[in-house]
Number of protein chains: 2
Amino acid sequence: MGKKPASKVRSKARYHHGELREALIAATRQLVEERGAEKFTLADACRVAGVTTAAPYRHFRGKQEILEEIASRGFEELRKRSMTVVAERGEGTLEGIIAMGQAYVAFAVEETAVFRLMFGQEPSLKKAEHVVGTGHDCFTNVIDQVALYCKRNRVRGDAQEIALRLWTFVHGAASLLIDQDYNAVAPQIDVNRLIASATPGLLAASPRSSKG
Amino acid sequence: MGKKPASKVRSKARYHHGELREALIAATRQLVEERGAEKFTLADACRVAGVTTAAPYRHFRGKQEILEEIASRGFEELRKRSMTVVAERGEGTLEGIIAMGQAYVAFAVEETAVFRLMFGQEPSLKKAEHVVGTGHDCFTNVIDQVALYCKRNRVRGDAQEIALRLWTFVHGAASLLIDQDYNAVAPQIDVNRLIASATPGLLAASPRSSKG
DNA sequence: GTTGCGATGTAAGCGCCGCTAACATATGTT
DNA sequence: AACATATGTTAGCGGCGCTTACATCGCAAC
């Protein structure tokens with residue numbers, strides 16, 4: 001009992017971790033992906049990283065700030081994926097645009113918790129400048145592709161509005177899929193096919209709609 | 001109404017509340033709408049209802065079960081709204097279907113927190129039978145309208161798939177709107193117009209080839 | 001009307017959380 | 001070597017979800 005400097009099983013019970021910031025981000029990301037962002041506790045992340053629960057406050061203002069960092073990195077990765085996929089399928093083509101949508105959903109499925117953080121309701125995240133900034137860059141990419149498509153195919157219509165339609169649809173698909181809301185209604189749905197089949201209709205110019 | 005002789009006037013500090021279950025549901029709904037479902041604490045609801053924090057456990061298994069009840073009632077209200085709006089605009093018409101989508105978004109805007117509960121990721125809600133059931137009924141309504149529309153307009157295509165497309169789009173619009181994700185990209189967006197302009201394209205049968 | 005009992009509320013308390021303040025240790029510059 | 005700073009620890013505050021044991025109420029049987 002009492003105090004003693006007895007070493008633990010750990011090779012070297014360092015007093016200082018050394019890379020605690022990154023270690024906490026990694027632990028948080030893992031735990032959030034496992035148990036969901038709502039059930040995540042900072043204390044658990046501390047245990048994974050092997051530090052006490054007060055340690056994180058040397059690197060982050062609080063729990064929220066770790067989540068912000070993860071969301072911001074998520075936008076960067078999503079943008080990277082989009083650009084990669086479009087480069088493979090062809091800039092400004094229908095196939096490229098469909099592939100972007102499918103990549104969006106794939107990201108949501110593979111990094112569900114990060115995706116939820118990125119687009120969730122947490123108001124403090126909406127105010128974090130670098131989060132909003134990376135998100136905006138991400139969308140600009142879509143507009144560019146749509147504008148190019150419209151130009152090539154002589155589609156009359158605002159590229160921004162068409163891009164918004166596409167984003168809306170694809171985001172809906174991703175949300176309903178990861179929240180398992182399709183299950184009660186169409187458990188066997190193939191979302192990639194759904195996107196491929198809906199995209200052409202969304203890419204058309206706005207029809208003269210009969211008021212709404 | 002007054003099948004019960006219970007005193008309507010709040011007498012002084014009764015030991016028994018009398019209608020605690022409903023009072024807690026009401027308090028929860030209010031608090032969740034004010035501060036968000038994640039920040040909501042059962043203890044606060046108890047304070048609003050004027051009881052101790054142990055009282056709810058006579059009526060609910062725990063915090064989660066109150067939220068389930070609210071989600072379930074939300075589905076019922078959403079279905080009611082949908083049916084009302086379609087009855088006004090015309091069964092199986094384009095206008096009726098657009099109006100349903102707009103009603104969906106209106107519900108999400110007016111009852112944001114309830115909407116999030118209904119379609120959120122909380123896994124325990126997905127297992128609650130009456131929640132899933134009412135959600136399913138809600139969607140069946142959409143399929144019926146689309147099927148009727150397709151028959152009248154001789155659209156070849158699976159009504160279920162087309163309904164899924166519509167739901168996907170409209171759910172995406174509602175999500176992006178209430179999570180304020182449009183803000184970083186198109187702050188002035190008119191979602192009702194977006195729905196009206198996108199719906200015709202979504203109602204078409206799956207194209208066998210894109211234009212050109 | 002009294003009595004007994006189930007339903008419903010309170011009081012007290014456990015373990016966990018986010019966060020803070022004061023203290024201890026490591027790191028690097030001079 | 002000595003200090004300044006960065007980084008981790010110990011101890012603790014208030015709050016939460018939930019449980020157990022006790023108090024009170026309402027109603028039915030006698």
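Chain naming here is simple, since letters A, B, ... match the order of the sequence lines and numbering starts at 1 in each.
Of all nucleotides listed (D:dG8, C:dT10, D:dG17), C:dT10 comes nearest to the side chain of B:A55.
One atom, CG of A:L24, and another, P of C:dG18, lie 12 Å apart when rounded to the nearest Å. Rounded to whole Å, the distance from OH on B:Y57 to C1' on C:dT10 is 15 Å. Rounded to whole angstrom, the span from the CD atom of A:E38 across to the C1' atom of D:dG17 amounts to 16 Å. Between the CD1 atom of B:I66 and the C1' atom of D:dG17 there is a distance of 11 Å, rounded to whole Å. Residue A:E19 contributes atom CD, which lies 18 Å from atom P of C:dA26 at whole-angstrom precision. Between the P atom of C:dA7 and the CZ atom of B:F60 lies a distance of 17 Å, rounded to the nearest Å.
The overall bend of the helix from C:dG1-D:dC30 to C:dT30-D:dA1, read as the angle between its terminal helix axes built from five base pairs each, is 0° when rounded to 10 degrees.
Screening B:I97, B:I143, B:I195, B:I98 for a side chain to side chain contact (heavy atoms under 4.5 Å, CB included) with B:L166, the sole residue that qualifies is B:I97. When the options B:E76, B:E77, B:E69 are evaluated for a side chain to side chain donor-acceptor pair (under 3.5 Å) with B:R73, the one that passes is B:E69.
Counting only N and O atoms by type, the side chains of A:E38 and B:Q121 include a donor and acceptor under 3.5 Å apart. For B:E34 and B:Q30, the side-chain atoms include at least one donor-acceptor pair closer than 3.5 Å. Donor-acceptor pairing under 3.5 Å is lacking for the side chains of B:T112 and B:E33. Under the 3.5 Å distance criterion, with hydrogens and angles disregarded, a donor-acceptor pair is assigned to the side chains of B:W167 and B:Y104.
When the nearest nucleotides of DNA chain D are assigned to B:G62 and B:R58 by heavy-atom distance, the more 5′-ward of the two goes with B:G62.
Ionic pairing of A:R116 and A:E111 is not present here: no N-O contact between side-chain nitrogen and carboxylate oxygen is shorter than 4.0 angstrom.
At least one side-chain nitrogen or oxygen of A:H59 sits closer than 4.0 Å to the OP1 or OP2 atom of D:dG8.
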Contact state string [nucleotides 11-17 of chain C, B base, S sugar-phosphate only, - no protein heavy atom under 4.0 Å]: B-----S
Test side-chain hydrogen bond (donor to acceptor under 3.5 Å, both in side chains) applied to A:D44 and A:T41, step by step: CA-CA 5 Å; A:D44 275 337; A:T41 69; 3.1 Å; yes
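Side-chain atoms of A:D179 do not come within 3.5 Å of backbone N or O of A:D181 as any donor-acceptor pair.
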